[in-house]
Amino acid sequence: MYLKHLTIGGFKSFAKKGELEFSAPITAIVGPNGSGKSNVAESFRFVLGEQSVKGMRAKKGADLIFNGSDSTSRGNKASVSVVLDNTQRVFPVDFDEIVLERTVHRDGQNEYLINNSKVRLKDVQELLSAANIGPTGHHIISQGEADRILSASAKERREMIEDALGLKVFQYKKIEAEKKLKKTSENVEKVQSLRREVAPHLRFLERQVKKIERSIALRGELTTVYSEYLKREDTYIAHHSDRLKLERTEPSQKLEDLKVQLTRAKEVLSESENDEKSGELVSLEEQISAVRAERQTLLRKSGQLEGQVGFLERRIRQAQEKSTSESEAPIPIGEVKKVLSEIERQVDKAVQSSDASLLQRALSDVVHTFKKFVQNASGVVVISTDTEEKELKEIAKELQENEKDIVDLSVKEEKLSGQYEALKTSIEAESQESREAEREVFRIVGEQRECENLISRIDSELSVLERDRNEFKRELQEAVTLIGSGASQYFGFEIVTDGEVVSNEVIVAEERSVQRERRRELEKMKIRLEELGGANEDIEKEYKEVKERDEFLVHEIADLETSIEKLEALIKELTDQLNEQFVAGIDKIGAEFNRFFALMFGGGEAKLMRVKPKIKRKKKGEDEFGEEIEIDEEVEDEEAQEGIELSVKLPNKKVTGLDMLSGGERALTSIALIFAMSQINPPLFIILDETDAALDEANSRRYGDMIEALAQKSQLILITHNRETMSRAGILYGVTMGGDGVSKLLSVKFDEAAAVAK
Ligand code: ATP
């Protein structure tokens, strides 16, 4: 016997402590109407954790506490405790005896104790569910409630039967799993939304980091291209400069000699009988030399000016190309953060104030701050070329003037040369002897011109090289700024083409246009590099952090999705188990129901049927005129869970519907079903509150027989007025209520009990 003892104190009409021992398989509680018998049944519901106060015939928790009478004052709390035997460990705790206690206070607060330790309601429910004592209370049938199983809907009936079959454990687990599934799905959505929120920033950082990576790669590439370019340039300039200087020595030397010779020849000429022609010759020669010298100086100047023009033009072009890529210009993240905190400060201030005008001002402040930021940010990248353009203009003007002077000098030289040639022809036409000295001058001047021409050609080549050298120096400086001091190590760089190291001989013999093309490529690379910007540790660090967080979230989503899969599998498994055991249980209960029914009625037939709920559906049909219309049709809802319907057939009667049964017949049918339910998975105890009220003498006997059969498997507590039922009980308790409105419990003899029986 599992149910040992019940103590009621302050519960409903039991103002004083009352105790019941359950030492027999069947205990009957008897007493006059209104004495408090049903309150005993409800005290069981209460201590077992019933949450519906309505189910205990009350409106609120405080109604369960003794409310006082004319002679007895009301109580502050109601307590009920029940002692259960656990020597067979039906409850999964290591105690031989379990004492459950529940107390309710006037403020509606509840306390639960298991073996004197405070616990939660959930702990009580879990403990009881292990012994199939479920919350629907299928083992406690209150007064008039037996009929409920007949009047219940197919769905409610299923729940009662599931409870009786001990399937509630699966239901709990399923509900728990479904809750977890919902929570997990919500969490997936939350984490996904976190990812979505951070995604644009991550994409931005990704682009920035890719840019940085491209910039690093390009810098590496640029180092190689630079090294090759610088090496080639330096080698070429050095070699050709040396060569030209060498080539220049001979004509220079010769020119010096010729100068001496000319001085001497001119002296000879002046010593001889000096005529007009020879004087003119000397004068012309000197004038031409002076003009030539001047023109040479101007030509050199032109060379320098051209060099400067080229340099300035390139600078301006680069600046313009940079400016066109302004939309791609990076803005330092520090600047953006500064603006953000400023805007946040303004908005916070505005949010704290409820004044509309302050809000308006704050909004315009925000717009102003942002505008200023954009202006400043644009200023950073707009490159001004004003100074260069001005300088270019001035130099171009100077060059133009210089060129004009050169042209003037050329004209002058040409004119003088014309005179000189005419004079030369005229002198040469005269007798050889008399013009020996002049002819000497002509020879020397002629050779001088040749030498000068040669030197001038060499010089102009040298001046180009000089210009290139200056450019080279500037380029080297730029290279150091761009790629670091390593750029000046270019000389050790080995240029390899088609797997072979390119020799200096090949380098110096190369067409200049090829090197110029290299230079153009270099310029393009520099612009690209500048557009990409340099390394930015902050960005890289931030990217790493954001990326790691995102990866963490991805991982989390994967984990959550695995949990979802597992939960779905668990739910499916539980549903399958539930359905399987339910179907098997229904078959067994159905068979028992039929047996009990036949016993009760001395024949007949009763069945349990699994049915799907019906739903209404529209279908196409025709009206009386043959017009197409939509008509309603009832079909089974395939998706829904099956419910349980009953069908009964009384012996010798044509009655099949439950509605056509008499009160007594309904009582017998419901008793048959309740008994059938308790046969399959017998509860530890069953409390029946006047289930037998409607039975006549013959049926009371049958009922008594069945009770005895039932008591083989479950302990019974029967609240009854029925003499036959009382006679089957091992223990009888009487409940009385005196004028003080307080219920009292006492042990009674059968005869005493029978006195209150019908
Ligand atoms: P019946 O045989 O007619 O079914 P019963 O013996 O089952 O009667 P109960 O329904 O258990 O009687 O008891 C009802 C009595 O309990 C009523 O007199 C009611 O006033 C009393 N009662 C219910 N709640 C309280 C309460 N909170 N305080 C005091 N008395 C209460």
Side-chain angles (χ1 to χ4, degrees), residues 6-20 27-48 50 52-80 82 102-110 137 140-148 663 667 670-671 686-695 700 703 716-726 729 731-748 752-758:
L6 180 84
T7 309
I8 319 178
F11 185 84
K12 289 204 164 181
S13 55
F14 289 89
K16 300 204 180 89
K17 198 167 164 189
E19 305 206 40
L20 293 174
T27 304
I29 297 172
V30 304
N33 287 135
S35 57
K37 299 185 297 297
S38 294
N39 292 344
V40 176
E42 274 149 15
S43 76
F44 269 105
R45 283 191 190 279
F46 175 73
V47 73
L48 297 179
E50 173 67 87
S52 156
V53 278
K54 211 171 134 212
M56 295 182 281
R57 292 180 301 162
K59 280 193 182 125
K60 52 184 188 304
D63 295 342
L64 301 173
I65 303 169
F66 180 69
N67 211 19
S69 65
D70 293 346
S71 54
T72 315
S73 55
R74 67 178 203 161
N76 291 325
K77 61 175 186 176
S79 280
V80 179
V82 65
R102 178 178 174 183
T103 304
V104 63
H105 296 270
R106 282 239 167 251
D107 61 2
Q109 286 283 329
N110 279 280
I140 303 178
I141 309 296
S142 298
Q143 208 171 340
E145 210 197 22
D147 195 59
R148 194 161 64 99
S670 58
I671 290 165
I686 303 173
I687 300 168
L688 299 171
D689 190 352
E690 294 189 39
T691 321
D692 52 7
L695 306 183
S700 291
Y703 179 78
L716 300 180
I717 295 147
L718 311 169
I719 295 168
T720 185
H721 289 291
N722 191 311
R723 192 188 160 88
E724 183 61 41
T725 308
M726 289 177 202
I731 302 173
L732 286 161
Y733 283 107
V735 184
T736 59
M737 186 184 276
D740 56 0
V742 174
S743 297
K744 284 184 195 70
L745 284 165
L746 60 150
S747 188
V748 290
E752 293 166 313
V756 290
K758 288 180 196 165

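For ligands, and for the atoms within them, numbers begin at 1 and follow the listed sequence.
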Around atom 17 (C) of ligand 1, find the nearest protein heavy atom and jot down its residue, atom name and distance. Gly34 O, 4.2 Å

Distance under 4.0 Å to a non-hydrogen atom of Phe66: what atoms of ligand 1 satisfy this? 28 (N), 29 (C)

Would you mind running through ligand 1 and noting each atom that sits below 4.0 Å from a heavy atom of His721? 2 (O)

Donor + acceptor pair across side chains of Ser142, Arg45 (<3.5 Å): yes

In this structure, which one of Leu688, Ile686, Ile687 forms a side chain to side chain contact (heavy atoms under 4.5 Å, CB included) with Ile140? Ile687

Distance flag for atom 11 (O) of ligand 1, protein heavy atom under 4.0 Å: yes

Under a 4.0 angstrom heavy-atom cut-off, which atoms of ligand 1 come close to Asp63? 27 (N)

Measure across Met737 and Gly34 and return the closest heavy-atom pair with its distance rounded to 0.1 Å. CE-O, 3.5 Å

If I apply the N/O under 3.5 Å rule, does Leu64 come out as touching ligand 1? no

Please indicate whether Lys77 has more than 12 foreign heavy atoms, meaning atoms of other residues, nucleotides or ligands, lying under 6.0 Å from its NZ. no

Measure the spacing between CG of Asp740 and NZ of Lys16 and express it to the nearest 0.5 Å. 6.0 Å

Taking the non-hydrogen atoms of Ser35, is any one of them nearer than 4.0 angstrom to ligand 1? yes

Nearest atoms (heavy-atom pairs only) where Ser743 meets Gly36: OG-CA, 3.8 Å

N or O pair under 3.5 Å between Met737 and ligand 1: no

The reported gap from CG in Leu20 to CD1 in Ile717 (rounded to nearest 0.5 angstrom) is 8.0 Å

By number and element, which atoms of ligand 1 are closer than 4.0 Å to a non-hydrogen atom of Pro32? 6 (O)

Is any N or O atom of Gly31, backbone or side chain, closer than 3.5 Å to an N or O atom of ligand 1? no

Among all protein heavy atoms, pick the one closest to atom 16 (O) of ligand 1 and tell me residue, atom and distance. Asn39 ND2, 3.1 Å

Number the atoms of ligand 1 from 1 as they appear, then name those within less than 4.0 Å of a heavy atom of Gln143, with their elements. 4 (O)

May I ask you to decide if Ile65's main-chain N or O and Asn67's side chain share a donor-acceptor pair within less than 3.5 Å? no

I'd like to know whether Asp63 forms a side-chain contact (heavy atoms from CB on, under 4.5 Å) with Val53, so could you lay out the CA-CA distance, the side-chain angles of the two residues, the decisive distance to 0.1 Å, and finally the verdict. CA-CA 9 Å; Asp63 295 342; Val53 278; over 6 Å; no

Looking only at heavy atoms, is any part of Ile65 under 4.0 Å from ligand 1, and if so is it the side chain, the backbone, or both, or is it neither? backbone

Could you grab the distance from atom OG1 of Thr27 to atom CD1 of Ile719, nearest 0.5 Å is fine? 11.0 Å

I'd like to check which ligand 1 atoms, numbered from 1 as shown, lie under 4.0 Å from a non-hydrogen atom of Lys37. 1 (P), 2 (O), 5 (P), 6 (O), 7 (O), 8 (O), 11 (O), 12 (O)

Counting non-hydrogen protein atoms only, what is the nearest one to atom 31 (C) of ligand 1? Give residue, atom name and distance. Ser13 N, 3.8 Å

Closest approach of any protein heavy atom to atom 28 (N) of ligand 1, naming residue and atom: Asn67 N, 2.9 Å

In this structure, does ligand 1 have an atom that sits under 4.0 Å from one of the heavy atoms of Arg57? yes

Where ligand 1 meets Asn33 - atom numbers and elements under 4.0 angstrom, heavy-atom basis: 1 (P), 2 (O), 3 (O), 8 (O)

Count the heavy atoms of every other residue, nucleotide or ligand shown that sit under 6.0 Å from CZ of Arg106, and state whether that count exceeds 12. yes

